[in-house]
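The analysis underlying the following values was restricted to heavy atoms, covering all of them including side chains, and did not include hydrogens, waters or symmetry mates. Quick caveat, the model's predicted, so the values are computed rather than measured.
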Amino acid sequence: MMTRRRFWQVFMMLCGFIIWAVQFTLIYGATSTTCALEVAETRLLGIGIVPAVIAAVTLAAFLCTAGVLTYALREHRRLQSGNAGVTDIFLSQAAILISAFSIAAIVWQGLPALILPACA
């Protein structure tokens, strides 16, 4: 059975992927819904509703994943300075790698959605 500490380590390792999946779902769900309802051209504070939602969701996902990355880096430094096991160090390194990859994926996915027309 997994201890609370190990569960937390694995959860933090997977947070980047989870945040990325939520961002992907919200961006494309909002885009397809607004296109299906033919309200994609609606403006919100002078900005199209689709680009506004995409920008907000992408920014939130970026900030959350950056927070996870910062936590993972601090945890890794703490583990290296102490008497940590190999598994703990591996999980912290995996969390760093996955968070960095997820940040790149979030930006990569958010930028084209902001540049291209919503319902083309």
> Does any pair with a residue in residues 82-120 pass disulfide (SG to SG under 2.5 Å), and if so which ones, sequence neighbours excluded?
Replying inline: C35-C119

> What distance separates L91 CG from I96 CD1, expressed to the nearest 0.5 Å?
Replying inline: 11.5 Å

>> Which Ile, Leu, Val, Met, Phe, Trp or Tyr residues join L37 in one cluster when any pair of side-chain heavy atoms under 4.5 Å counts as a link?
In response: V39

>> Starting from I18, can I reach F101 by hopping between I/L/V/M/F/W/Y residues whose side chains sit under 4.5 Å apart?
In response: yes

> So which pairs with a foot in residues 23-39 pass salt bridge (charged side-chain N to carboxylate O under 4.0 Å, His left out), sequence neighbours left out?
Replying inline: none

> Any side-chain hydrogen bond (donor to acceptor under 3.5 Å, both in side chains) pairs touching residues 65-85, not counting sequence neighbours?
Replying inline: W8-Y71, E75-R78, H76-Q80, H76-S92

> Roughly how far, to the nearest 0.5 Å, is OG1 of T34 from CD1 of I49?
Replying inline: 7.0 Å

> Which heavy-atom pair separates A72 from A95 by the least distance, and what is that distance?
Replying inline: CB-CB, 3.9 Å

> Got a sec, which pairs hit disulfide (SG to SG under 2.5 Å) with one end in residues 77-118, sequence neighbours left out?
Replying inline: none

> Where do P51 and G48 come nearest, in terms of heavy atoms and distance?
Replying inline: CD-O, 3.2 Å

> Between the side chain of S32 and the main-chain N/O of G29, is any donor-acceptor distance below 3.5 Å?
Replying inline: yes

> Going by side-chain heavy atoms closer than 4.5 Å, which hydrophobic residues are tied to L79, directly or by a chain of links?
Replying inline: I89

> Could you give the distance from CG (L26) to OG1 (T31), rounded to the nearest 0.5 Å?
Replying inline: 10.0 Å

> Which residue pairs pass the side-chain hydrogen bond (donor to acceptor under 3.5 Å, both in side chains) test when at least one of the two sits in residues 106-116, sequence neighbours left out?
Replying inline: W20-Q109, Q23-Q109

> With hydrophobic residues grouped by side-chain heavy-atom distances under 4.5 Å, do V68 and V10 end up in a single group?
Replying inline: yes

> Residues two or more places apart in sequence or in another chain: which of them pass ring pair (Phe, Tyr, Trp, His ring centres under 6.0 Å) with F24?
Replying inline: Y28

>> Filter on disulfide (SG to SG under 2.5 Å), then keep only pairs touching residues 41-100, sequence neighbours left out; what's left?
In response: none

>> Suppose we screen for side-chain hydrogen bond (donor to acceptor under 3.5 Å, both in side chains). Which residues come up paired with R5, at least two apart in sequence or across chains?
In response: D88

> Measuring from Q93:CD to I98:CD1, what's the distance to the nearest 0.5 Å?
Replying inline: 12.0 Å

> Do you know the tightest heavy-atom contact between I54 and G110?
Replying inline: CG2-O, 3.9 Å

>> With ring pair (Phe, Tyr, Trp, His ring centres under 6.0 Å) as the rule and sequence neighbours excluded, what pairs involving residues 29-68 come up?
In response: none

>> Any heavy-atom pair between the side chains of R6 and T87 that's under 4.5 Å?
In response: yes

>> For residues L97 and L73: do they belong to one hydrophobic cluster (side chain heavy atoms under 4.5 Å, members Ile, Leu, Val, Met, Phe, Trp, Tyr)?
In response: no

> Rounded to the nearest 0.5 Å, how far does OG of S102 lie from CG of L69?
Replying inline: 9.5 Å

>> Going by salt bridge (charged side-chain N to carboxylate O under 4.0 Å, His left out), name the pairs with one or both residues in residues 50-67, residues two or more places apart or in two chains.
In response: none

